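Below you'll find the structure, written out as structure tokens, and then a few comments.
If you're wondering where the values come from, they're calculated on a predicted model, not measured in any experiment.
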Amino acid sequence: MESHSIKTGICQIGKLMYDNKFVVATDGNISVRKDRLIFITPSGMSKGELTEPDIILTDLCGKKVSGTRKISSEFIMHQKIYETRPDIMAICHAHPINATAVSMTDSDLNEPLLQEVILTIGK
């Protein structure tokens with residue numbers, strides 16, 4: 001996959017995340033690893049408004065190879081995931097409303113609330 005296709009894909013995913021309310025304002029970030037490089041969204045920018053020139057290219061250490069914007073403030077999280085899991089080639093970090101709401105409660109996700117869920121997918 002060439003750089004143009006990767007950047008286009010990141011922009012498309014960013015728009016989907018935004019349109020489906022998985023992120024609001026400047027939340028979240030997206031990255032793709034290709035060989036020894038990481039394509040990543042910039043810091044402080046709506047994922048629904050990304051264009052190819054906004055996407056930043058870095059080496060695996062976070063040194064900017066191309067792009068004019070500031071690298072995502074969560075680059076290190078992406079870097080550590082790629083370092084720990086060589087099988088992972090892309091990351092979408094989002095803040096879906098329902099997941100965020102549940103995370104703010106004392107809910108136990110292992111609590112069997114619906115029989116059908118426990119029977120079909122388990123805890």
Side-chain angles (χ1 to χ4, degrees):
M1 186 177 265
E2 64 181 60
S3 296
H4 170 73
S5 297
I6 293 171
K7 289 181 176 186
T8 298
I10 290 173
C11 294
Q12 290 171 341
I13 294 298
K15 179 137 178 51
L16 282 171
M17 287 170 59
Y18 184 82
D19 288 348
N20 287 286
K21 297 183 177 28
F22 279 32
V23 292
V24 297
T26 62
D27 286 353
N29 37 68
I30 306 162
S31 69
V32 172
R33 175 174 52 184
K34 183 176 189 301
D35 303 321
R36 303 199 44 81
L37 298 171
I38 297 174
F39 294 82
I40 193 160
T41 52
S43 183
M45 186 168 183
S46 169
K47 305 314 164 275
E49 298 177 355
L50 293 169
T51 62
E52 284 189 33
D54 297 320
I55 308 305
I56 299 158
L57 183 60
T58 73
D59 65 15
L60 292 175
C61 296
K63 181 179 177 195
K64 194 184 292 186
V65 174
S66 68
T68 58
R69 295 190 175 271
K70 183 179 176 190
I71 296 172
S72 171
S73 59
E74 297 188 348
F75 173 83
I76 293 172
M77 176 183 66
H78 291 246
Q79 178 189 43
K80 294 299 177 194
I81 292 169
Y82 289 134
E83 183 180 299
T84 305
R85 295 281 307 275
D87 57 315
I88 292 178
M89 303 306 290
I91 299 167
C92 293
H93 173 191
H95 297 233
I97 294 169
N98 292 340
T100 302
V102 168
S103 73
M104 296 172 65
T105 69
D106 288 332
S107 298
D108 181 356
L109 295 179
N110 287 321
E111 187 177 327
L113 299 175
L114 295 171
Q115 242 178 0
E116 294 84 0
V117 173
I118 300 304
L119 291 173
T120 57
I121 64 172
K123 284 187 172 184

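Legend: ring-ring contact (aromatic ring centres under 6.0 Å, His included) pairs involving residues 50-92, not counting sequence neighbours: none detected. Residue pairs meeting the salt bridge (Lys or Arg N to Asp or Glu O under 4.0 Å) criterion with at least one member in residues 84-93, sequence neighbours excluded: Arg85-Asp87. For residues 91-107, the set of pairs meeting the salt bridge (Lys or Arg N to Asp or Glu O under 4.0 Å) definition, not counting sequence neighbours, is empty.
Annotation for Tyr18 and Lys47: closest pair CB-C, 4.3 Å, computed over non-hydrogen atoms. Residues Leu50 and Gly14 come closest through the heavy atom pair CD1-CA, 4.5 Å.
Interatomic distance, CD of Gln79 versus SG of Cys61, reported as 6.5 Å (0.5 Å rounding). Annotation: the span from Ile38 atom CD1 to Thr58 atom OG1 amounts to 4.5 Å, rounded to 0.5 Å. Note that CD1 of Ile91 and OG of Ser31 are 4.0 Å apart. Values are rounded to the nearest 0.5 Å. Rounding to the nearest 0.5 Å places CG of Leu57 at 8.5 Å from CD1 of Ile6. Here the CE atom belonging to Met17 is positioned 8.0 Å from the NE2 atom belonging to His93, to the nearest 0.5 angstrom. Note that the CD1 atom of Ile55 and the CD1 atom of Ile10 stand 5.0 Å from one another [nearest 0.5 Å].
In this structure Ser46 satisfies the side chain to side chain donor-acceptor pair (under 3.5 Å) test with no other residue, sequence neighbours excluded. Scanning for side-chain contact (heavy atoms from CB on, under 4.5 Å) contacts around Asn20 gives Leu16, Phe22, with sequence neighbours left out. For Ser72, the side-chain contact (heavy atoms from CB on, under 4.5 Å) partners are Asn29, Ile40, Glu74, not counting sequence neighbours. Residues satisfying the side chain to side chain donor-acceptor pair (under 3.5 Å) criterion with Arg36, sequence neighbours excluded, are absent altogether. Legend: residues meeting side-chain contact (heavy atoms from CB on, under 4.5 Å) with Met89, ordered by chain and number and at least two apart, are Arg33. Residues satisfying the side chain to side chain donor-acceptor pair (under 3.5 Å) test with Asp19, not counting sequence neighbours, are Lys15. In this view, Thr105 and Ser107 satisfy the side chain to side chain donor-acceptor pair (under 3.5 Å) rule, not counting sequence neighbours.
Hydrophobic cluster membership is shared by Leu60 and Ile81, with clusters built from Ile, Leu, Val, Met, Phe, Trp and Tyr side chains linked at under 4.5 angstrom.
Checked options Thr26, Ile30, Ile13; the residue passing with Thr41 is Ile30 (criterion: side-chain contact (heavy atoms from CB on, under 4.5 Å)).
Annotation: Ile76, atom CD1; neighbour count of heavy atoms from other residues, nucleotides and ligands within 6.0 Å does not exceed 12.
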For residues 63-71, run the donor-acceptor check on the side chains, cut-off 3.5 Å, and write out each pair with its distance to 0.1 Å, sequence neighbours left out.
{"from": "Lys64", "atom 1": "NZ", "to": "Arg69", "atom 2": "O", "distance (Å)": "2.6"}
{"from": "Arg69", "atom 1": "NE", "to": "Asp54", "atom 2": "OD1", "distance (Å)": "2.7"}
{"from": "Arg69", "atom 1": "NH2", "to": "Asp54", "atom 2": "OD1", "distance (Å)": "3.4"}

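For the pair Thr8/Glu52, a side-chain contact is recorded, criterion being any heavy-atom separation below 4.5 Å from C-beta on.
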